[in-house]
Amino acid sequence: MRSTITERGQTVVPAEIRRQFHLSPADRLEWVVDAQGIRVVPVRANPIAAFRGQGKGGSTQRLVQGRSEELARE
């Protein structure tokens, strides 16, 4: 799949990708540059809600703590 970048630097996420990853207008995308190139990672509007039910035994608390530490570094 391909998309074009406009003069304003905007692009469209193809519908098939939006459906596959359940992306909505409230979601954000994080652009990561590494040795292999550019990766685009979805960041949910509410990362806690997106994570809920995925782990056991305090996972949510660890996620909140990790996010708090990230925000403090920014």
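Excluded from the calculations below are hydrogen atoms, water molecules and symmetry mates; all remaining heavy atoms, backbone and side chain alike, are included. The first residue of the sequence shown is numbered 1, and numbering continues consecutively from there. If you're wondering where the values come from, they're calculated on a predicted model, not measured in any experiment.
Residue pairs that meet the side-chain hydrogen bond (donor to acceptor under 3.5 Å, both in side chains) test with at least one member in residues 3-19, sequence neighbours left out, are S3-T11.
Residues S24 and D27 form a side-chain contact, since some pair of their non-hydrogen atoms from C-beta on lies under 4.5 Å apart.
Taking hydrophobic clusters as Ile, Leu, Val, Met, Phe, Trp and Tyr residues chained together by side-chain heavy-atom distances below 4.5 Å, F21 shares a cluster with V13. Cluster membership for M1 and L23, using ILVMFWY side-chain heavy atoms within less than 4.5 angstrom, is shared. Tracing side-chain contacts under 4.5 Å through hydrophobic residues (I, L, V, M, F, W, Y), one reaches I17 starting from I38; they form part of the same cluster. V40 and V43 are assigned to two separate hydrophobic clusters, defined by single-linkage of ILVMFWY side chains at heavy-atom distances under 4.5 Å.
The neighbour count for I5 CD1, taken as heavy atoms of other residues, nucleotides or ligands under 6.0 Å away, does not exceed 12.
Between E30 atom CD and R28 atom CZ the span is 10.5 Å, to the nearest 0.5 Å.
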Before giving the answer on side-chain contact (heavy atoms from CB on, under 4.5 Å), spell out for V33 and W31 the whole-Å C-alpha distance, their side-chain angles and the decisive distance to 0.1 Å. CA-CA 7 Å; V33 179; W31 297 76; 5.9 Å; no

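R2 meets the salt bridge (charged side-chain N to carboxylate O under 4.0 Å, His left out) test with no other residue; sequence neighbours excluded.
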